[in-house]
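Positions are given from 1, in the same order as the sequence printed here. Predicted model only: the values in this text are computed from it and were never measured.
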Amino acid sequence: MLKKGNMDKRKILMPAVFIAIIGLFLQFMYFPKIGQARELSLEYRKIRTEINELYNFIGGEEKLKDSMIIMRNHVAELEQAFPSEKEASNTIKQLNEKAVKFKVNVISMKPGDLINYTDVHGSQLKILDQPCKSMPINLSLEARYQSIGDFLEKIELDKKPLISVMRIEMRKDQNLSPKIKAEVGLNACILGE
C-alpha cells in the first residue's frame with residue numbers, strides 16, 4: 001500500500017514539477033523574448049516608416065544620389081541668396097563689381113543698421129534656423145539711364161545675394177550730360193546670428 005501511495009504522489013508530483021518548469025521557462029525565457037521581439041518589430045516598423053518618409057521627401061531610393069545633389073545645390077543657393085552677417089561686406093563688394101560691369105559710377109555706398117524681418121504676428125522670420133534681417137543700402141550713382149536700369153534689373157533678378165530696389169530718385173545734371181545722378185535705396189537680406 002505504501003508503494004501505491006508513493007506512486008500516487010509521484011503521479012501528482014511529476015506533472016506539478018513539469019508544469020512548474022514550464023511556468024518558469026515561460027516566465028523567465030519565453031515571455032521576455034516575445035516582449036523583446038515585439039519591441040524590435042515596432043522599432044523596425046518605425047525605422048522603415050522614417051526611411052520611407054525620407055525617400056518620399058528626396059524622391060525615392062533609386063534617385064537618392066541625384067536627389068541629394070539637388071538638395072545640396074538648393075541649400076548652396078539659399079546660402080548665396082542669404083549671406084550671413086559676417087559676409088555682409090561681400091554683398092557690398094558684389095554690388096560694386098556689378099556696377100563696374102554696367103559702367104555705373106558708384107559715388108557713395110552707405111549700408112544701414114540691420115533690421116529684423118518679422119511676420120504679421122511680429123515673430124522673427126527664420127531661414128535655415130537663423131534670424132532673417134534686412135540691411136538697407138543707400139547708393140549714389142552716376143551713369144546713363146540705360147546703364148542704371150540694366151544695373152538695377154540685374155540686382156533684382158540675380159538673387160545672389162537677394163537684394164530688392166526700394167526706391168530710386170534720378171535727376172539730370174547739365175554738367176554730366178548724357179549721364180544722370182541717381183539716389184537708390186536697396187534692401188539686402190542677411191541671416192543673423
Side chain to side chain contact (heavy atoms under 4.5 Å, CB included) against [X], all qualifying residues, sequence neighbours excluded:
| X | result |
| --- | --- |
| Val165 | Leu152, Glu156, Val184, Leu186 |
| Val120 | none |
| Arg38 | Ile34 |
| Asn96 | Val106, Met109 |

Practice problem: Report whether Ile155 and Leu157 are members of the same hydrophobic cluster (ILVMFWY, side-chain heavy atoms less than 4.5 Å apart, transitive linking). | Solution: no
Quiz item: Linking I/L/V/M/F/W/Y whenever any side-chain heavy atoms sit under 4.5 Å apart, do Leu141 and Met170 land together?
Solution: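 Cluster IDs for Leu141 and Met170 match.
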Self-check item: Check against side-chain contact (heavy atoms from CB on, under 4.5 Å), Glu53 and Thr49
Solution: CA-CA 6 Å; Glu53 287 174 3; Thr49 302; 3.7 Å; yes
Quiz prompt | Side-chain donor-acceptor pair present, Asn187, Arg167, cut-off under 3.5 Å | solution =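 No donor-acceptor contact under 3.5 Å links the two side chains.
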Exercise. Answer yes if the side chains of Gln146 and Asp150 hold a donor-acceptor pair under 3.5 Å, and no otherwise.
Key: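 Their side chains do contain a donor-acceptor pair, which is all the 3.5 Å distance test asks for.
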Quiz item: How far does SG of Cys189 sit from CG of Leu114, to the nearest 0.5 angstrom?
Solution: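 Answer for the SG-CG pair, Cys189 versus Leu114, is 11.0 Å.
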Quiz item: For the atom pair CG (Asn105) and OG (Ser147), what is the distance rounded to the nearest 0.5 Å?
Solution: 11.0 Å
Self-check item: Main-chain N/O of Ala37 paired to Ser41 side chain as donor or acceptor, under 3.5 Å
Solution: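 Answer holds: no.
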Quiz item: Does the side chain of Ile148 reach to within under 4.5 Å of the side chain of Phe102, using non-hydrogen atoms?
Solution: no
Quiz prompt | Residue pairs, two or more places apart or on separate chains, that pass salt bridge (Lys or Arg N to Asp or Glu O under 4.0 Å) and touch residues 92-112 | solution =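 Of all non-adjacent pairs touching residues 92-112, those that pass salt bridge (Lys or Arg N to Asp or Glu O under 4.0 Å) are Lys98-Asp158.
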Quiz item: What salt bridge (Lys or Arg N to Asp or Glu O under 4.0 Å) pairs are there with at least one residue in residues 177-189, not counting sequence neighbours?
Solution: Arg171-Glu183
Quiz item: Looking at Leu95 and Phe151, what are the two nearest heavy atoms and their distance?
Solution: O-CE1, 3.7 Å
Quiz prompt | Shortest non-hydrogen separation from Pro136 to Asp113 and the atoms involved | solution =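 Minimum heavy-atom separation between Pro136 and Asp113: CD-O, 3.3 Å.
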